*Asks:* 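Following this message is one structure expressed as structure tokens.
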Number of protein chains: 2
Amino acid sequence: MSNPRPTLADVATSARVSVSTASLAFSGAGPIAAETRRRVLAAAEELGYSGPNPLGRQLRSGRSGIVGVIIGDALRRSFRDPVSVQTLDGLVSTLGPLGLGVLLVPGSTAPGTPAVDPLVESAAMDVAVIMWGGTAGDPVLAALRRRGTPTVLVEGAPVEGVAAIGIDDRAGIARLGAHLLELGHERIATVTLAFSHDRREGLADADRVAGIAWEITRRRLAGLGDAGITPVAIWETPASLVEHGTAAGRALLTSPEPPTAIIAQSDLLAAGVVLAARELGLRVPQDLSVAGFDGRDLPGLGPDVLTSVAQPLAEKGAAIGHAVEALLEGSMPLPQLLPVALRPGTTTGPPPQKRS
Amino acid sequence: MSNPRPTLADVATSARVSVSTASLAFSGAGPIAAETRRRVLAAAEELGYSGPNPLGRQLRSGRSGIVGVIIGDALRRSFRDPVSVQTLDGLVSTLGPLGLGVLLVPGSTAPGTPAVDPLVESAAMDVAVIMWGGTAGDPVLAALRRRGTPTVLVEGAPVEGVAAIGIDDRAGIARLGAHLLELGHERIATVTLAFSHDRREGLADADRVAGIAWEITRRRLAGLGDAGITPVAIWETPASLVEHGTAAGRALLTSPEPPTAIIAQSDLLAAGVVLAARELGLRVPQDLSVAGFDGRDLPGLGPDVLTSVAQPLAEKGAAIGHAVEALLEGSMPLPQLLPVALRPGTTTGPPPQKRS
DNA sequence: GTGACATGTCGAATCGATTCGATACCGCGA
DNA sequence: TCGCGGTATCGAATCGATTCGACATGTCAC
């Protein structure tokens with residue numbers, strides 16, 4: 001009973017037609033008599049043949065119907081951030097109706113390793129999507145280009161021949177900065193995303209800042225400059241997670257001259273900062289203003305609503321999906337920069353009175 | 001320059017060897033002179049040939065190297081639960097070194113729809129993993145069996161010919177129940193996971209309970225019975241999310257005779273219950289004991305540590321990975337029931353004094 | 001010197017489908 | 001009656017690799 005699975009040829013024989021006719025019966029691409037078709041289908045049913053083997057079809061068409069999504073070094077880390085998950089969800093929703101599947105591809109074999117996962121080199125994928133930009137001279141991107149796999153770079157630095165989708169985070173952060181300046185803040189610190197694969201944690205000096213490899217981190221930092229802000233402190237984190245925000249908050253708020261406002265590069269980090277502030281007995285926003293980025297509602301902050309910049313996650317996923325579609329059709333989609341919107345919450349307010 | 005990509009045949013011609021020899025040079029499966037090999041590789045380099053086309057290889061070997069992971073109806077919902085993410089992470093970590101990729105496959109085309117996603121029928125996958133059990137007579141499982149795709153069922157009811165991996169949640173819940181009984185609780189309510197695809201929210205009567213389709217929900221409920229508990233109320237939720245826990249908590253705690261303890265079938269739900277209790281001015285655990293399931297540490301509960309049952313997520317992922325491996329080798333892995341451990345926290349205590 | 005054996009290379013079959021061009025057959029109008 | 005156009009079917013080539021058996025060469029022992 002568990003014989004080698006029946007093939008189209010078996011079905012054709014059993015239905016007493018040629019393979020080509022049998023193929024027609026399934027694909028419907030070509031003229032076929034209703035009666036013949038019925039006979040083929042009946043034979044298939046009887047033999048337990050459940051449709052054409054995708055492998056054969058793929059070889060012929062040269063298409064695998066698979067979109068490789070390159071996530072960071074660890075699924076766990078990427079997916080603890082709801083931003084990743086929702087973007088991916090938007091992508092899957094767009095790709096599904098097109099009959100495309102999403103293959104999860106780790107970027108590097110192990111966290112911190114530059115070695116590219118073998119899947120990047122060898123998996124059958126029609127298009128690749130690099131979810132988190134990528135650093136300059138990214139080996140993953142290099143491998144994909146060598147293979148000739150059309151690629152969509154999300155939140156990355158523009159690269160010739162690679163489709164780009166991103167949000168206008170730089171302008172968003174600038175608006176956030178302007179908001180805080182209007183409120184009267186003068187001592188503003190910032191908590192950033194990871195600088196590079198080394199994922200250090202702590203205060204960053206000028207040298208460190210100059211060496212930022214992740215485009216997204218650099219760009220959001222630049223947004224502050226656009227607003228005319230020179231942060232009194234820049235704290236880099238290993239990843240966008242609440243606990244790293246808490247660590248940052250503790251450190252920044254216990255420094256000799258603590259900031260009156262902290263801009264975090266993500267909502268999770270901002271939530272962590274708020275928790276740290278509470279821990280230290282500071283009231284938000286009376287004693288400290290905190291702003292985040294992404295515009296998701298987080299549980300755990302109680303009644304507080306984080307001041308943030310909302311980015312359209314589902315739309316981003318859809319935009320990536322459309323870029324993939326375009327690449328499959330052989331055209332290069334235009335770079336897209338999706339708009340973001342300042343979303344004032346209850347965590348920002350005027351700075352505390354100077355105790356002069 | 002963007003000519004049709006070079007094939008192994010092109011490389012072979014250019015290196016003045018036969019295709020078979022060229023193949024050997026890449027695969028290393030067979031004797032080949034170092035010099036010949038060098039020449040082939042050089043020719044490949046020059047032509048811009050980046051290794052054998054996976055499609056061709058796959059057809060020949062009959063293997064795609066892809067494991068389809070069937071997630072619920074919405075990625076968003078599944079992945080907001082850290083339990084899913086961590087299990088998946090464990091799975092990817094185990095499969096990666098084996099050269100296997102994970103294809104994300106939505107179960108149904110749209111939430112609530114019984115229609116099976118076309119990917120289930122047509123994607124090239126060597127093995128399928130159904131992440132959340134599946135209901136009785138699951139159309140997805142039926143489709144996979146029809147295709148003859150070896151399948152691993154996670155947290156599901158045992159099915160002949162399908163590999164099963166799960167945790168001993170029933171015993172875990174029983175232990176949790178015993179713990180509460182020891183503390184002296186008599187009025188215990190429970191907040192469950194989804195009953196079926198209809199994902200209703202609210203109190204469940206006996207009829208409803210009898211019709212539970214999701215095995216995992218049924219089993220965890222049975223654990224209560226094992227402990228000798230007849231819940232004073234059973235609240236079903238659409239999904240394991242904090243907000244559904246909050247809704248459940250509000251309803252259960254404002255009922256005429258509120259429970260003194262609530263067992264939630266997941267930590268996220270339990271966290272929601274705790275938040276609802278706080279909202280209503282109840283102290284945890286003085287006025288209300290709350291227990292969850294999964295044993296993850298959640299941000300947002302402040303200093304409280306949820307009493308819970310810890311399940312080994314990374315191990316679960318690894319166990320699934322090994323089951324996949326076994327199926328690929330043609331053997332049927334033994335069903336596995338991973339052990340869980342009661343993890344007492346600060347959210348359970350003796351019931352409040354009776355106000356008699 | 002000859003047979004046994006290892007090594008390296010090649011030709012051809014094979015995996016399972018799709019697709020193009022050829023062929024057979026039909027009815028219909030000239 | 002012949003030829004034409006359209007429909008249904010078939011045969012064979014094709015996609016890009018792997019793999020088996022055959023063959024040629026070289027080495028070694030007897």
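Nothing here was measured: the structure is a model prediction, and the numbers come from that model. A note on names: the letters A, B, ... follow the listed sequences, proteins ahead of strands, and every chain is numbered from 1.
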*Asks:* Would A/K316 and A/E155 count as a salt bridge (Lys or Arg N to Asp or Glu O under 4.0 Å) if you check the C-alpha gap in whole Å, the side-chain angles of each, and the deciding distance to 0.1 Å?
*Replies:* CA-CA 10 Å; A/K316 185 156 97 174; A/E155 307 293 2; 2.8 Å; yes
*Asks:* Hey, are B/T87 and B/S84 close enough side-chain-wise for a donor-acceptor pair under 3.5 Å?
*Replies:*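 Judged by distance alone, the side chains do not pair up.
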*Asks:* With axes from five pairs an end, tell me the bend angle of the helix from C/dG1-D/dC30 to C/dA30-D/dT1, nearest 10°.
*Replies:*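 Answer for the end axes of this duplex: 60°.
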*Asks:* Ring pair (Phe, Tyr, Trp, His ring centres under 6.0 Å): which pairs involve residues 11-44 of chain A, sequence neighbours left out?
*Replies:*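 Listed once each, the pairs are A/F26-A/Y49.
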*Asks:* Which atom pair, heavy atoms only, marks the closest approach of B/L119 to B/P106?
*Replies:*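 B/L119 and B/P106 have their closest heavy atoms at CD2-CD, 4.3 Å.
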*Asks:* Should A/S23 be listed as having a side-chain N or O under 4.0 Å from OP1 or OP2 of C/dT18?
*Replies:*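 For C/dT18, OP1/OP2 do have a side-chain N/O of A/S23 under 4.0 Å.
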*Asks:* Expressed in angstrom and rounded to an integer, what is the separation of A/R38 atom CZ from D/dA8 atom C1'?
*Replies:*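 So the two atoms are 16 Å apart, to the nearest Å.
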*Asks:* Quick one: do A/V40 and A/V11 satisfy side-chain contact (heavy atoms from CB on, under 4.5 Å)? Show the steps, please.
*Replies:* CA-CA 7 Å; A/V40 173; A/V11 174; 4.0 Å; yes
*Asks:* In this structure, how many angstroms lie between the P atom of C/dG8 and the CZ atom of B/R39, rounded?
*Replies:*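 Going from B/R39 (CZ) to C/dG8 (P), I get 14 Å.
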*Asks:* Rounded to whole angstroms, how far apart are CG on A/L24 and P on C/dC20?
*Replies:*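 Rounded to the whole Å, the gap is 11 Å.
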*Asks:* When you get a sec, tell me which of D/dT19, C/dA17, D/dG11 is the closest nucleotide to the side chain of A/R57?
*Replies:*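 When the side chain of A/R57 is considered, C/dA17 is the closest of D/dT19, C/dA17, D/dG11.
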*Asks:* Would you compute the distance between atom CZ of A/R145 and atom OG of B/S50 and round it to the nearest 0.5 angstrom?
*Replies:*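 Between A/R145 CZ and B/S50 OG, I get 13.5 Å after rounding to 0.5 Å.
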*Asks:* Can a donor-acceptor pair be found between the side chains of B/T21 and B/S18 at a distance below 3.5 Å?
*Replies:*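 A pair is found: one side chain offers a donor N or O, the other an acceptor, under 3.5 Å apart.
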*Asks:* What is the distance, to the nearest angstrom, from the CG atom on B/L55 to the P atom on C/dT18?
*Replies:*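 Taking atom P of C/dT18 as the reference, CG of B/L55 is at 14 Å.
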*Asks:* Write down the distance between CG (A/L8) and C1' (D/dC10), rounded to a whole number of angstrom.
*Replies:*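 Whole-Å distance recorded here is 13 Å.
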*Asks:* Classify the nucleic acid contact of B/P52 as base, sugar-phosphate or nothing, counting any heavy atom under 4.0 Å across all strands shown.
*Replies:*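 Answer is sugar-phosphate: B/P52 comes under 4.0 Å of backbone atoms only.
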*Asks:* Using whole Å, report how far CD1 of A/I32 lies from C1' of C/dT18.
*Replies:*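 Rounding to the nearest Å, CD1 of A/I32 and C1' of C/dT18 are 14 Å apart.
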*Asks:* Between protein and nucleotides 12-15 of chain D, what N or O pairs are separated by less than 3.5 Å?
*Replies:*
| unit_1 | atom_1 | unit_2 | atom_2 | d |
| --- | --- | --- | --- | --- |
| D/dT14 | O2 | A/R60 | NH1 | 3.1 |

*Asks:* A side-chain contact here means heavy atoms from C-beta on lying under 4.5 Å apart; do A/D126 and A/I66 qualify?
*Replies:*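 No. Closest side-chain heavy atoms not under 4.5 Å.
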*Asks:* Report which part of the nucleic acid B/T36 touches: base, sugar-phosphate, or nothing (heavy-atom distance under 4.0 Å, all strands).
*Replies:*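 Since only primed, P, OP1 and OP2 atoms lie under 4.0 Å of B/T36, the category is sugar-phosphate.
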*Asks:* If I take atom CZ in residue A/R5 and atom C1' in nucleotide C/dG16, what distance separates them, rounded to the nearest angstrom?
*Replies:*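 One finds 12 Å between C1' of C/dG16 and CZ of A/R5, rounded.
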*Asks:* Is the distance from OP1 or OP2 of D/dA17 to the nearest side-chain N or O of B/Y49 less than 4.0 Å?
*Replies:*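 Affirmative; the distance criterion is met.
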*Asks:* Using heavy-atom distances to pick each residue's nearest nucleotide on DNA chain C, tell me which of A/N53 and B/A33 is more 5'.
*Replies:*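 Counting from the 5' end, the first nearest nucleotide belongs to B/A33.
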*Asks:* Would you say that B/R146 contacts B/E121 through its side chain, given a criterion of any heavy-atom pair below 4.5 Å between the two side chains?
*Replies:*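 They are in contact (side-chain heavy atoms under 4.5 Å apart), so the answer is yes.
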